[in-house]
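To keep things clear, I will list the structure first and then write my remarks on it.
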Amino acid sequence: MARTVVVTGSTSGIGLAIARGFAAEGDNLVINGFGNAAEIEAIRKSLEEKGGRAIYHGADMTKPEEIADLMATAAAEFGMVDVLVNNAGIQHVAAIEEFPVEKWDQIIAINLSSAFHTMRAAIPAMKEKRHGRIINVASAHGLIASPFKAAYVAAKHGIMGLTKTAALELAEFGVTVNAICPGYVLTPLVEKQIPDTAKARGISEAQVKSDVMLKFQPTKDFVAVEEVAAVALFLASDAARQITGTHISIDGGWTAQ
Ligand code: NAD
């Protein structure tokens, strides 16, 4: 039977690949995120090719009342949310003493608090129906730190704690809660930085990838968005029913060091 899957921040990158992965299985999708309206509509339509229905909700993940409306819309359209994927996230790089206060608040809101707001809306029906999957897209930065990414690292460590707590609260209700911890993933966002970084440092684009971006990723290769989606699909499957309160790293060996 088709599941209903909510993926926050799914107009681009990892979230979009996760939405496409579930859509390929014929699931119903609720997509979310910013972008060009015509492009989002084209994405929405393409997600219906395998027979599921897809709707778009433009909730801003910094706004709890808009998140509540997203979740209420999903439940009203499809009955309940079977799989919740908390993926929306942004980054800002600066030293702590120079970190803009509003950027700190925004990153904590999008990368951490939004997952609390979606979860508190989704959990009652999951508990009642005794099934559900919550998948939080964290990061290698949920496990380890890098300098100049204070808000991101704090939010990603926070979502690891939220994942474990929710898993314990839901363990007896057939609902699993897990995190995925990717290393460097080649999303459009990352790709766009390569030519500029090459120019700025006077090195080749290949060197930017291997010496700058993939410095800490032992495989010296990016993770593909489809590979992250495959982990999400596995965590949502019946085979993963005993996996809860933990994370799966997909980081080319980064956090083994
Ligand atoms: P991306 O920029 O390609 O996609 C981010 C998505 O979030 C977009 O759809 C965007 O519109 C949406 N978004 C941003 N702010 C929003 C807001 N206020 N409300 C609603 N939606 C909003 O980025 P990505 O690389 O695909 O990242 C997705 C997730 O994966 C993030 O949580 C990120 O931290 C995590 N992650 C990314 C990498 C990487 O290397 N790209 C590595 C580890 C973890």
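When a ligand or atom number is given, it counts from 1 through the structure's own listing order. Values below: every heavy atom of this structure, side chains too, minus hydrogens, waters and symmetry copies. Since the structure is predicted, the reported quantities are computational estimates derived from the model, not experimental observations.
- In this structure a side-chain-to-backbone donor-acceptor pair under 3.5 Å is missing from E98 to A95.
- Residue-to-ligand polar distances place K156 within reach of ligand 1: an N/O pair is separated by less than 3.5 Å.
- Atom numbering of ligand 1 starts at 1 in the shown order; those under 4.0 Å from a heavy atom of A138 are 35 (C), 44 (C).
- Between S139 and ligand 1, no pair of N/O atoms sits closer than 3.5 Å.
- The side chain of I110, and not its backbone, has at least one atom closer than 4.0 Å to an atom of ligand 1 (non-hydrogen atoms only; side chain from C-beta on).
- Looking at V190 next to ligand 1, no N or O pair under 3.5 Å apart turns up.
- The contact set between ligand 1 and N32, taken as ligand atoms under 4.0 Å from a residue heavy atom, comprises 20 (C), 21 (N).
- On a distance-only criterion, A140 and ligand 1 share no N/O pair closer than 3.5 Å.
- Looking only at distances, a side-chain donor or acceptor of N32 sits under 3.5 Å from a matching main-chain atom of A59.
- Distances from atom 30 (O) of ligand 1 to the heavy atoms of I43, N111, V7, I14 put I14 nearest.
- Around atom CZ of F216, no more than 12 heavy atoms belonging to other residues, nucleotides or ligands sit under 6.0 Å away.
- Close approach to Y184 involves these atoms of ligand 1, each under 4.0 Å from a residue heavy atom: 40 (O).
- Crowding of E172 atom CD: a count of heavy atoms from other residues, nucleotides or ligands under 6.0 Å not exceeding 12.
- For the salt bridge (charged side-chain N to carboxylate O under 4.0 Å, His left out) with R3, the lone residue among D82, D27, D238 that qualifies is D27.
- Taking each of G9, S12, A19 in turn, the one with a heavy atom nearest to atom 3 (O) of ligand 1 proves to be S12.
- No side-chain donor-acceptor contact under 3.5 Å links H247 to the backbone of N178.
- A salt bridge links E48 and R44; the closest N-O separation between the charged side-chain nitrogens and carboxylate oxygens is under 4.0 Å.
- Of all the heavy atoms of T11, the ones lying under 4.0 Å from any atom of ligand 1 are found in both the backbone and the side chain.
- For atom 7 (O) of ligand 1, a protein heavy-atom neighbour is found at a distance under 4.0 Å.
- Of the candidates A88, G15, G13, G89, G89 brings a heavy atom nearest to atom 5 (C) of ligand 1.
- Across T118, N111, T163, a single residue satisfies side-chain hydrogen bond (donor to acceptor under 3.5 Å, both in side chains) together with N86, and that is T118.
- Near I90, meaning under 4.0 Å from one of its heavy atoms, ligand 1 places the atoms 14 (C), 15 (N).
- Under the 3.5 Å distance criterion, with hydrogens and angles disregarded, no donor-acceptor pair is assigned to the side chains of D221 and T219.
- Here is the list of ligand 1 atoms found below 4.0 Å of a heavy atom in M61: 17 (C), 18 (N), 19 (N), 20 (C).
- At least one N or O atom of V185 sits closer than 3.5 Å to an N or O atom of ligand 1.
- When K127, M126, E128 are each tested for a side chain to side chain contact (heavy atoms under 4.5 Å, CB included) with F173, only one passes: K127.
- In the vicinity of Y152, heavy-atom distances shorter than 4.0 Å reach the ligand 1 atoms 33 (C), 34 (O), 35 (C), 36 (N), 43 (C), 44 (C).
- The distance from ligand 1 to the heavy atoms of S10 drops below 4.0 Å at these ligand atoms: 9 (O).
- The residue C181 has no part lying near ligand 1, judged by heavy-atom distances below 4.0 Å.
- Applying the 4.0 Å criterion to heavy atoms of G33 picks out, from ligand 1, the atoms 11 (O), 21 (N).
- Contacts with ligand 1 closer than 4.0 Å are made by no heavy atom of L16, backbone or side chain.
- For the pair D60 and ligand 1, the shortest N or O to N or O distance falls below 3.5 Å.
- Contacts between A59 and ligand 1, counted as non-hydrogen atom pairs separated by less than 4.0 Å, involve the backbone only.
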